[in-house]
Amino acid sequence: MPVNFDIHPEQAQHLINKLIKFCGKDKIDKGIASYIKGLQCNPGIYGEYLRNRHPWWALLIEFEKVVASGKSFNRHILHPDGRIQHKWFSILEDAKRISEMYSMMTEDIRKFYRNNLVDDENARSHLFELTIAWHYLRAEHDVKWVQSGEKKPEFVVSKDGFEFCVECKRIGLGSYRKIRHNDFYRFCDFLLPVLSRRNLMGTINCVLDGSLPSQIEKQKEVSDSIIEAVQEGNDKVEFDYGELDYELTQANNVIVDTIKICDELNEKKEKDAFGVVFTDSKSNHPMNPIQFTCRSKQKNKYVKNIFKLIKKAAKEQLDKKMPGLVSVFLPEIDDFTILKDDGGLPAIATAIFSQERFTHVGCIVFNSDSKIDVGLFTITTFSQALTFKNSDCKFELKEGFPFLNQEKQNP
């Protein structure tokens with residue numbers, strides 16, 4: 001689903017001010033204060049993980065500093081070639097959507113989004129809802145939000161006499177992984193600084209027999225076990241929690257290109273593995289990198305759990321008096337091939353459509369995380385989208401009606 005970025009730089013400060021006003025300055029300040037406190041209490045790799053929990057806080061801190069300095073924010077966000085820097089795209093798009101949809105929302109719906117958009121746990125889910133609503137509004141459809149707090153769909157879409165309800169589900173896969181994001185980054189803070197202080201650099205690939213523990217004391221035990229195994233000096237060893245394959249040498253204090261090393265790591269690591277590059281920055285320059293990957297021998301049960309959540313949404317949220325669309329966002333997934341086990345996404349759609357109680361479901365759409373394509377004169381955000389239409393839907397679906405733009409039909 002491509003979305004062209006059509007915000008002019010001169011709109012930037014005005015849009016962000018409107019976003020702050022919508023959410024409330026007090027709530028924004030409270031969110032930023034909590035964010036800063038979290039970073040102060042959690043330096044290192046885990047702190048970097050916290051930086052990305054909410055999509056706005058770091059950018060709003062930068063915004064406020066620039067405005068307070070008296071400098072032009074609209075010029076601050078530009079590349080030398082006059083284009084807006086990529087990191088500002090999302091927040092500016094969020095601000096524009098909220099600004100233009102504000103008058104279409106009831107006060108109850110506005111309050112609902114004000115509360116949830118400043119919440120670290122819920123912000124991305126509700127921004128996804130707004131993105132889907134915005135898609136239909138831009139395509140000249142009517143969108144009517146449903147009263148919040150009830151077991152109903154997010155909104156009803158209509159055009160030319162055809163009406164359907166939409167339920168949006170953001171399904172974070174982290175809770176279904178044998179290794180969770182926050183556990184992995186905290187674990188790295190126990191392991192990698194110790195190896196770096198011993199003047200080591202190189203690569204470590206860890207394969208755990210089961211899950212990476214969430215408890216701090218257990219994580220320390222795993223870290224200590226890896227360090228002990230490395231001290232034995234064998235390139236491939238079994239340790240108490242799994243297997244290690246590593247190649248470590250003495251640090252050479254040569255400055256490195258971390259972007260290049262991270263790209264290399266992403267190319268060679270397995271799709272279901274987590275990876276990180278840790279560097280020694282004593283001289284304020286990155287050097288002596290340690291590339292670390294970690295995965296589990298046990299399969300992540302993504303498909304089974306995605307199916308359960310979509311089935312629940314179809315049963316409890318959609319209005320059975322009209323055709324329904326379940327739009328699913330899978331964050332952290334920019335390639336659907338990682339979900340190929342157990343029949344993958346097609347198997348989920350087939351299993352739901354085959355049940356009599358779900359004949360009101362007209363369509364299921366899976367949306368991946370976004371990628372940015374920068375052209376000579378245009379900047380376009382792309383995400384994969386798989387659309388599955390129910391041939392056994394009890395409602396007549398308008399032929400050729402686009403549930404998403406540039407969608408591909410699926411048999």
Side-chain angles (χ1 to χ4, degrees), residues 38-52 174 177-300:
L39 294 182
Q40 291 172 341
C41 296
N42 297 279
I45 297 173
Y46 186 69
E48 291 302 312
Y49 159 75
L50 292 179
R51 289 182 191 277
N52 297 311
R177 295 180 186 269
K178 296 300 178 182
I179 301 174
R180 301 184 182 187
H181 275 89
N182 56 335
D183 294 334
F184 172 73
Y185 293 122
R186 183 181 281 115
F187 175 66
C188 289
D189 276 336
F190 292 133
L191 172 66
L192 301 183
V194 174
L195 298 175
S196 181
R197 286 194 295 270
R198 297 186 181 189
N199 293 318
L200 295 173
M201 59 178 285
T203 62
I204 306 178
N205 300 308
C206 174
V207 181
L208 299 174
D209 292 330
S211 302
L212 178 65
S214 295
Q215 302 91 338
I216 290 178
E217 290 304 317
K218 285 288 186 180
Q219 286 197 359
K220 288 180 179 178
E221 287 180 15
V222 179
S223 174
D224 290 343
S225 182
I226 290 176
I227 292 168
E228 183 179 341
V230 168
Q231 288 176 334
E232 294 178 2
N234 299 317
D235 292 343
K236 291 185 178 182
V237 298
E238 292 186 0
F239 70 112
D240 293 344
Y241 299 89
E243 300 173 0
L244 288 179
D245 178 2
Y246 64 93
E247 185 176 345
L248 296 172
T249 62
Q250 286 297 304
N252 58 17
N253 297 327
V254 175
I255 297 173
V256 296
D257 182 344
T258 53
I259 295 177
K260 181 179 179 181
I261 293 174
C262 286
D263 288 342
E264 291 173 354
L265 178 64
N266 286 327
E267 283 290 325
K268 68 183 181 183
K269 78 176 182 67
E270 297 193 33
K271 284 189 176 182
D272 60 344
F274 282 91
V276 71
V277 175
F278 183 88
T279 59
D280 176 0
S281 302
K282 293 176 183 176
S283 63
N284 295 322
H285 295 289
M287 56 180 63
N288 308 324
I290 299 175
Q291 298 182 45
F292 177 62
T293 69
C294 187
R295 66 180 180 87
S296 173
K297 292 179 182 178
Q298 297 180 3
K299 284 186 177 181
N300 296 305

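Residues Phe184 and Arg177 fail the side-chain proximity criterion, which asks for heavy atoms closer than 4.5 Å. Side-chain contact check for Asp240 versus Glu228: every heavy-atom pair is 4.5 Å or farther apart. Inter-residue side-chain proximity for Met201 and Met287 is flagged as unmet; no heavy-atom pair is nearer than 4.5 Å. Contact annotation: the side chain of Cys188 approaches that of Phe292 to within less than 4.5 Å [non-hydrogen atoms, C-beta and beyond]. Lys297 places none of its side-chain heavy atoms less than 4.5 Å from the side chain of Leu208. At a threshold of 4.5 Å between non-hydrogen side-chain atoms, the residues Glu264 and Thr203 do not count as touching. Between Asn288 and Asn252 there is a side-chain heavy-atom pair separated by less than 4.5 Å. Proximity of Val276 to Leu192: side-chain heavy atoms (C-beta onward) are separated by under 4.5 Å at one or more points.
In this structure, SG in Cys294 is found 6.5 Å from CD1 in Ile226, a value given to the nearest 0.5 Å. Atoms CG and CZ, from Asp209 and Phe239 in turn, are 7.5 Å apart once rounded to the nearest 0.5 Å. Atom CD of Gln298 and atom CD1 of Ile179 lie 10.0 Å apart (nearest 0.5 Å). Taken to the nearest 0.5 Å, the CD1 atom of Ile204 stands 10.5 Å off from the CD atom of Gln291. Here CD1 of Ile255 is found 11.0 Å from OG1 of Thr279. Values are rounded to the nearest 0.5 Å. Atom-to-atom distance recorded for Lys178:NZ and Asp272:CG is 12.5 Å, nearest 0.5 angstrom.
The closest donor-acceptor contact from the side chain of Ser296 to the backbone of Gly210 lies under 3.5 Å. For the pair Asn199 (side chain) and Gln250 (backbone), a donor-acceptor distance under 3.5 Å is absent.
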Please tabulate, for side-chain N and O atoms in residues 213-223, each donor-acceptor pair with protein atoms closer than 3.5 Å (sequence neighbours left out).
from: Ser214; atom 1: OG; to: Asp183; atom 2: OD1; distance (Å): 3.4
from: Ser214; atom 1: OG; to: Asp183; atom 2: OD2; distance (Å): 2.7
from: Gln219; atom 1: OE1; to: Phe187; atom 2: N; distance (Å): 3.2
from: Gln219; atom 1: NE2; to: Asp183; atom 2: O; distance (Å): 3.1
from: Gln219; atom 1: NE2; to: Pro213; atom 2: O; distance (Å): 2.9
from: Glu221; atom 1: OE1; to: Tyr241; atom 2: OH; distance (Å): 3.0

Practice prompt. Apply the test side chain to side chain contact (heavy atoms under 4.5 Å, CB included) to residues Ile227 and Arg198: give CA-CA distance (whole Å), side-chain angles for both, the deciding distance (0.1 Å), then the verdict.
Written response: CA-CA 11 Å; Ile227 292 168; Arg198 297 186 181 189; 3.4 Å; yes

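Minimum interatomic distance between Cys262 and Val277 (heavy atoms only, all atoms of both residues): SG-CG2, 3.8 Å. Taking both residues in full, the closest heavy atoms of Cys206 and Leu244 are given as CB-CD2, 3.8 Å, listed atom of the first, atom of the second, then distance.
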